[in-house]
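The block underneath contains the structure these notes are about, expressed in structure tokens.
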Amino acid sequence: MRPLPRSFYDRDTLEVACDLLGRHLVHVVDGVARVGRIVEVEAYLGPHDKAAHSSRGVTPRTRVMFGPPGHAYVYRIYGLHWCMNVVTEAEGRGCAVLLRAVEPVAAITQRTNGPALLCRAMAIDGTCNTRDLCGGSLFIAKGSPSDPRAIVKRARIGVDYAGAWARRLLRFYERGNPFVSRP
DNA sequence: TGCACGATGAAC
DNA sequence: TTCATCGTGCAC
């Protein structure tokens, strides 16, 4: 179980988003590897994407989104939950993929069908922000990639304010998987 | 320095 | 449908 290389993330965000489905998200906590198989993601395409945090440009919070690929962007939402993204494409692009749901594989005891729920179940919080996913205790491994023919494309959740960008089909999930947050 | 609001989840 | 709860970004 080793981290996928940085080249995995240094590609077109849509490609990475689909390729992330079926991969294993791994977080080693107190010597125990918590593992979840990624089954739902959303792509955020950069500053021109009105629904992306990076659309406001480089700020203290979004700086990591504009950094090199293969790093974690973990932010607090509604003052009480955490959400995790992986940074994609070349440095400066401001692209990322939000992890929305995982299927429990190992050492998971709570619900994982939602971006904040998966963070809670895998003990991912603000201390994981800016973490390099290509070496360390938080990473993504090969897993069992989803069949491309089984990938469903839908509009992203909770971005109605983003006009036309809200209607783009940038949410991807594995068809029929019971751990998807909103099938 | 103040304030409106959110890539959510849970309860009602 | 409503609310919890607070960091962020932008207005002033």
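Here is the naming used below: chain letters follow the sequence lines, and residue numbers restart at 1 for every chain.
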TODO: Measure the CZ-CG distance between Phe139(A) and Leu4(A) for me, rounded to the nearest 0.5 Å.
DONE: 9.5 Å
Task: Trace of the side-chain contact (heavy atoms from CB on, under 4.5 Å) decision for Lys153(A) with Tyr173(A) - done: CA-CA 7 Å; Lys153(A) 299 167 170 45; Tyr173(A) 64 84; over 6 Å; no
TODO: Inspect the contact between Asp132(A) and Arg6(A) and indicate whether a charged nitrogen and a carboxylate oxygen are less than 4.0 angstrom apart.
DONE: yes
- [ ] With C1' as the reference atom in both, quote the distance from dT2(C) to dC5(B) in angstrom, rounded to an integer.
- [x] 16 Å
Task: Rounded distance [0.5 Å steps], OG in Ser146(A) versus CZ in Phe172(A) - done: 12.5 Å
For nucleotides 9-12 of chain B, which of its nitrogen or oxygen atoms have a protein nitrogen or oxygen under 3.5 Å away, and what is each distance?
{"unit_1": "dG9(B)", "atom_1": "OP1", "unit_2": "Pro115(A)", "atom_2": "N", "d": "3.3"}
{"unit_1": "dG9(B)", "atom_1": "OP1", "unit_2": "Ala116(A)", "atom_2": "N", "d": "3.0"}
{"unit_1": "dG9(B)", "atom_1": "OP1", "unit_2": "Leu117(A)", "atom_2": "N", "d": "3.1"}
{"unit_1": "dG9(B)", "atom_1": "O4'", "unit_2": "His81(A)", "atom_2": "NE2", "d": "3.4"}
{"unit_1": "dA10(B)", "atom_1": "OP1", "unit_2": "Arg120(A)", "atom_2": "NH2", "d": "3.2"}
{"unit_1": "dA10(B)", "atom_1": "OP2", "unit_2": "Arg111(A)", "atom_2": "NH1", "d": "2.9"}

Open item on the list: Is it true that, when you exclude Lys142(A) itself, more than 12 heavy atoms of the residues, nucleotides or ligands shown sit nearer than 6.0 Å to its NZ?
Closed with: no
Task: Separation of dA7(B) C1' from Phe172(A) CZ (nearest whole Å) - done: 15 Å
Task: Cation over ring face, Arg11(A) and Phe8(A), 6.0 Å, 45° - done: yes
- [ ] Both distances under 3.5 Å, Watson-Crick or G-U wobble: on that basis, could you give the dot-bracket string for DNA chain C, with [ ] for crossing pairs and | for other-strand partners?
- [x] ||||.||||||.
Within the sub-3.5 Å range, which N or O atoms of nucleotides 10-12 of chain C have a protein N or O partner, and how far apart are they?
none

TODO: Residues of residues 41-48 of chain A with any non-hydrogen atom less than 4.0 angstrom from an atom of DNA chain C: list those, numerically ordered, please.
DONE: none
TODO: Rounded to the nearest 0.5 Å, what's the gap from CG on Leu133(A) to CE on Met84(A)? Could you check?
DONE: 5.0 Å
Using atom names, set out every protein N or O paired with an N or O of nucleotides 3-6 of chain B below 3.5 Å, distance rounded to 0.1 Å.
none

Task: Full working for side-chain hydrogen bond (donor to acceptor under 3.5 Å, both in side chains) between Thr62(A) and Ser54(A) - done: CA-CA 6 Å; Thr62(A) 62; Ser54(A) 56; over 6 Å; no
TODO: Using a heavy-atom cut-off of under 4.0 Å over every strand shown, decide if Leu98(A) touches base, sugar-phosphate, or nothing.
DONE: base
Task: salt bridge (charged side-chain N to carboxylate O under 4.0 Å, His left out) involving Arg171(A) - partner list, sequence neighbours excluded - done: Glu40(A)
Task: Rounded distance (nearest 0.5 Å) linking atom CZ of Arg93(A) with atom CG of Asp10(A) - done: 10.5 Å
Task: Intermediate values then yes/no, ring-ring contact (aromatic ring centres under 6.0 Å, His included), Tyr75(A) and His53(A) - done: CA-CA 10 Å; Tyr75(A) 68 93; His53(A) 290 170; 4.6 Å; yes
Open item on the list: Strictly below 4.0 Å, N to O, side chains only: are Asp49(A) and Arg156(A) in salt-bridge contact?
Closed with: yes
- [ ] In whole angstrom, give the distance that lies between atom CG of Asp125(A) and atom P of dC6(C).
- [x] 15 Å
TODO: Hey, could you give me the NE2/SG distance between His71(A) and Cys134(A), rounded to the nearest 0.5 Å?
DONE: 6.5 Å
TODO: Using a 4.0 Å heavy-atom cut-off across all strands, classify Arg61(A) as base, sugar-phosphate, or nothing.
DONE: sugar-phosphate
TODO: Give, for atom CZ of Phe179(A) and atom CD1 of Ile108(A), the distance between the pair rounded to the nearest 0.5 Å.
DONE: 10.0 Å
Task: Option passing side chain to side chain contact (heavy atoms under 4.5 Å, CB included) with Leu25(A) (candidates Leu20(A), Ile140(A), Val86(A)) - done: Ile140(A)
